[in-house]
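Heavy atoms only: backbone and side chains are in, while hydrogens, waters and symmetry mates are out.
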Amino acid sequence: MSSAPAFKPFNLALIQLGQVGTDKDENLRHAREMISRAVTGGSDAHPRPDLVVLPECFNSLYGHLHFPVYAETIGFTPDKPYDIASSESQTVKMLSAAAKEEGVWLLGGSIPERDAGTGKLYNTATVYSPQGELVATHRKVHLFDIDIPGKIKFKASHLFESETLSAGNTLNYFDTGKWHEFARIGLGICYDVRFPELAMTAARQGSCCQVLIYPSAFNTTTGPLHWELLQRARAVDNQVFFSMCSPARDLKQSYHAWGHSMVVDPMGTVIAEAGDEEAIVFAQIDPKVLQDARAGIPVTTQRRFDVYPDVSKRVL
Ligand SMILES: NC(=O)CCC(=O)C(=O)O
């Protein structure tokens with residue numbers, strides 16, 4: 001069991017990225033520009049962010065036909081230093097340079113990844129320190145294969161993720177470094193939000209993350225029904241901050257993202273939300289809200305593991 005990590009106030013910026021098209025270089029150029037804009041776009045109301053987040057699949061069109069075309073080899077091994085200079089990933093190099101140049105923590109959304117050893121493809125999030133180090137990755141654990149008759153069919157359609165992707169099999173978080181330590185942040189990607197066990201394990205005694213952030217891309221069928229509901233549920237049942245960062249909606253593409261990038265506090269209050277267009281959403285994360293939620297509603301000490309099992313027991 002790990003001890004409780006430090007939790008200090010910090011500022012978060014979510015980039016609800018627009019203009020993601022067929023040209024990867026252009027996607028990366030625009031993402032880089034928006035990272036700068038997020039860092040310099042603070043104001044009295046929204047101070048300079050400590051952590052900037054991009055959405056799911058931000059360098060590629062979304063759909064199983066596109067993943068093999070856009071996939072890059074990352075080659076990250078946890079607990080081993082990663083050599084950015086010899087990385088084969090164009091996207092990793094851009095994100096690392098952006099984090100370093102802007103002096104900011106960066107959760108670089110997710111990209112299609114090709115594992116060099118197995119050749120398998122994953123939907124993978126990467127995280128960078130303000131020194132430009134690649135410090136963590138997360139391969140999407142639950143692949144998005146759904147079929148709602150008459151509404152949306154991802155299963156066996158051109159968007160069916162498991163047609164070309166494999167599922168990750170590890171749970172992941174990162175600690176912001178000692179020189180500017182503010183939180184332990186748990187990672188997931190989009191459809192992962194539907195599986196409470198993942199958030200529960202990250203938030204509870206296994207790892208004690210205080211903030212969970214999932215690069216995402218819900219759609220216009222399930223978005224209006226479940227996007228906010230799931231985030232507020234994960235926030236309240238774990239008494240943590242919960243956030244999902246979406247691409248902007250682009251009706252020219254076959255996949256219509258829901259947008260509405262959002263930050264929810266541990267009481268379930270939505271403290272920041274975008275519309276469906278390109279935007280940068282700023283939020284101030286205040287640890288006192290978490291402390292007050294846990295003190296006022298002490299479910300942490302009231303659980304009845306003599307009546308039901310503790311499914312969050314697994315240590316990350
Ligand atoms: N990219 C995704 O995983 C989409 C998940 C989604 O839309 C859902 O309803 O779940």
Checking T269 against V289 for the side chain to side chain contact (heavy atoms under 4.5 Å, CB included) test, could you report, in this order, the C-alpha distance in whole Å, the side-chain angles of both residues, the deciding distance, and whether it holds? CA-CA 10 Å; T269 306; V289 180; over 6 Å; no
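In this structure, a donor-acceptor pair under 3.5 Å is absent between the side chains of S110 and E56. Donor-acceptor pairing under 3.5 Å is lacking for the side chains of S60 and Y62.
Put simply, the side chain of E273 never gets that close to the backbone of S261: no donor and acceptor are under 3.5 Å apart. The backbone N or O of H30 lies less than 3.5 Å from no partner atom in the side chain of Q19, so there is not a single donor-acceptor pair.
Aromatic rings of W105 and F10 (six-membered ring for Trp) have centroids beyond the 6.0 Å cut-off, not under it. Aromatic pair Y214/F242: centroids less than 6.0 angstrom apart.
Linking ILVMFWY residues whenever their side-chain heavy atoms come closer than 4.5 Å, directly or via other members, leaves I189 and L107 in distinct clusters.
A salt bridge does not link R249 to E278: none of the charged side-chain nitrogens sits closer than 4.0 Å to a carboxylate oxygen. Using a 4.0 Å cut-off between a side-chain N of Lys or Arg and a carboxylate O of Asp or Glu, R304 and D306 qualify as a salt bridge. Taking a cutoff of 4.0 Å between a charged side-chain nitrogen and a carboxylate oxygen, E102 and R37 do not qualify as a salt bridge.
A parallel orientation is assigned to the rings of F195 and H142, their planes being inclined by less than 30° (bins at 30° and 60°).
Environment of NZ in K100: sparse, with no more than 12 heavy atoms of neighbouring residues, nucleotides or ligands closer than 6.0 Å.
Rounding to the nearest 0.5 Å gives a distance of 5.0 Å between CG of L12 and CD1 of I213.
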